[in-house]
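These notes are about the structure you will find just below.
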Number of protein chains: 2
Amino acid sequence: MAQNPVKILQNHQLRITNCRKEVLRTFMEKKSALSHADLEEDLKEVFDRVTIYRTLKTFLETDLIHKVLDDSGATKYALCAHGHEGSHNRHDHEHVHFKCEACGRTICIDEVSLPKIKLPEGYVNKEVNLLVTGVCNKCS
Amino acid sequence: MAQNPVKILQNHQLRITNCRKEVLRTFMEKKSALSHADLEEDLKEVFDRVTIYRTLKTFLETDLIHKVLDDSGATKYALCAHGHEGSHNRHDHEHVHFKCEACGRTICIDEVSLPKIKLPEGYVNKEVNLLVTGVCNKCS
DNA sequence: GTTTATGCAAATTCTTTGCAATACT
DNA sequence: AGTATTGCAAAGAATTTGCATAAAC
C-alpha cells in the first residue's frame, strides 16, 4: 500500500507537482477533513488560491479525496481511506464522520461501521453518509 | 399542532410578514429541502434576494428550519418536522434525508428511523444526520 | 409611536475561467 | 519536444452589511 504523496500520485496517474504533494501531505498530517480555506491557510504563501482549487478538483475526479458532509456551509474534503491502493469503489466513501462543535474539526470514525438502511419501495440506495455532531474526545 | 404559516410564526414569536409567510408556504408546498436559490426562483418577483437570506437566517435561529446536509455545495434547509408544536429539542433534526441523483431533490424519509450509533470512548453524540444518495421512487 | 423587517446599493467572500509562462514526463 | 499545470487577472456567483423607507405591533 502506498504511503507517501509521490507514490499516491503515481498510483493515480497524476503528474507529480509541488502543489499536489503539499496538499496531500497536509491531508495526511492533519488527519481531518479540510476545506479549501483550511488548505489555503497553510499553503497560501507557496501556492495560488486557484491552484489549490484545481488540485482539489483533480483529486476529486481521481477519487483520491471525497467530499465530506458538513453543516457549516463550507465544502470539506478528506482522503479516501484506501484510495491509494487502487480500490476505486464507491464504498470507500461510506464511513461515519464526526464533527466536533468545540474545535470544529471533522474526522472519520473508522471504528464505527455504517448501519444498513432499508429504504421504502422504489428507492435505490447508492451511497450512505453519516455525520455525527457533538464533542470529540480531546474537547470533552 | 399548528399548520398554517401565520400560526407557526406566532408560535415562534416572529412578526408576521409577507416574505416569511411565503417562504414558509413554499417549504410546506414543496415538501423537500430547499436552497436559497430554490426559494429565489419562486419568489424573486416578489421579494428581494437579501430578504430571503435574512428570512432563512431568522428561521434557522428560531429553530423553524434546519440545515440539511448535501454534497452539492449549496446549503439546503428544511422545516423542522415538529418545530411548530413548540418542542424545540435537538432531536427534531434527527432524520434520514434522501437525495435523488436524477431529479436533485432532497427529501426527508420519515419511514426509516435512525440507527443508534455507538461512538468511541470520550465522544459525546449530540446530533446524527444521515444522507442517503441514490434514485428516488419517482425517478427509478 | 416604537420597534423590527424590507429593499436597494455596495462590499465581501467564494469559485471558476482564459491565457501566457512554467514545470513535468 | 510535447503536454499538463501553474499563476495572475478578471469574471461570475454566493452571501453579508449599512442605511433609509416601510410595515408590524
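The basis for the numbers below is simple: all heavy atoms, side chains too, and nothing from hydrogens, waters or symmetry mates. A, B, ... follow the sequence lines: proteins, then strands. Residue 1 opens every chain.
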Task: Separation of atom CZ in B/Phe47 from atom P in D/dT21, rounded to whole Å - done: 22 Å

TODO: Return the orientation label for the B/Tyr53 and B/His36 ring planes: parallel under 30°, perpendicular over 60°, tilted otherwise.
DONE: parallel

TODO: Determine, using the 4.5 Å side-chain heavy-atom cutoff (strictly less than), whether B/Ile65 and B/Leu9 are members of one ILVMFWY cluster.
DONE: yes

Open item on the list: Does any part of the side chain of A/Lys57, heavy atoms only, come nearer than 4.5 Å to the side chain of A/Thr55, both counted from C-beta?
Closed with: no

Atom pairs, N/O to N/O, protein against nucleotides 21-25 of chain C, distance under 3.5 Å?
residue: C/dC24; atom: O2; partner: A/Arg15; partner atom: NH1; Å: 3.1
residue: C/dT25; atom: OP1; partner: A/Ile16; partner atom: N; Å: 3.0

TODO: Find the distance B/Arg20:CZ to C/dG7:P and express it as a whole number of Å.
DONE: 12 Å

TODO: Dump the intermediate steps for side chain to side chain contact (heavy atoms under 4.5 Å, CB included) on B/Lys31 and B/Ile107, then the final yes or no.
DONE: CA-CA 7 Å; B/Lys31 292 190 181 105; B/Ile107 55 176; over 6 Å; no

Open item on the list: Given 3.5 Å as the limit, does a donor-acceptor pair link the side chain of A/Arg105 with the main chain of A/Lys30, or not?
Closed with: yes

- [ ] Rounded off to whole Å, could you give me the CD-to-C1' distance for the B/Gln13 and C/dT3 pair?
- [x] 16 Å

TODO: State plainly whether one hydrophobic cluster holds both A/Phe98 and A/Leu130, where clusters connect Ile, Leu, Val, Met, Phe, Trp and Tyr through side-chain heavy atoms under 4.5 angstrom apart.
DONE: yes

Open item on the list: Please list, in numerical order, the residues of residues 48-59 of chain B that have a heavy atom closer than 4.0 Å to any atom of DNA chain D.
Closed with: B/Arg49, B/Val50, B/Tyr53, B/Arg54

Task: Enclosure of A/Gln13 CD (heavy-atom neighbours >12, cutoff 6.0 Å) - done: no

TODO: Kindly say whether B/Ile8 contributes a backbone atom to a donor-acceptor pair with the side chain of B/Asn11 at under 3.5 angstrom?
DONE: no

TODO: Would you mind reading off the distance between B/Lys76 atom NZ and D/dA14 atom C1', rounded to a whole angstrom?
DONE: 16 Å

TODO: In whole angstrom, give the distance that lies between atom CG of B/Leu43 and atom P of C/dG7.
DONE: 11 Å

Task: Divergence of helical axes at both termini of the helix from C/dG1-D/dC25 to C/dT25-D/dA1 - five pairs an end, 10° steps - done: 40°

Open item on the list: What is the distance, to the nearest angstrom, from the NE2 atom on A/His12 to the C1' atom on D/dT5?
Closed with: 19 Å

Open item on the list: Centroid separation under 6.0 Å, is that true for the rings of A/Tyr77 and A/Phe59?
Closed with: no

Open item on the list: Tell me whether B/Leu14 shares a hydrophobic cluster with B/Leu24, the cluster being built from Ile, Leu, Val, Met, Phe, Trp, Tyr side chains joined at under 4.5 Å.
Closed with: yes

Open item on the list: In this structure, how many angstroms lie between the P atom of D/dA14 and the OH atom of B/Tyr77, rounded?
Closed with: 13 Å

Open item on the list: If hydrophobic clusters are built from ILVMFWY residues whose side chains come within less than 4.5 Å, do B/Leu43 and B/Val6 share one?
Closed with: yes

Task: Rounded distance in Å - NZ (A/Lys21) to P (D/dT5) - done: 15 Å

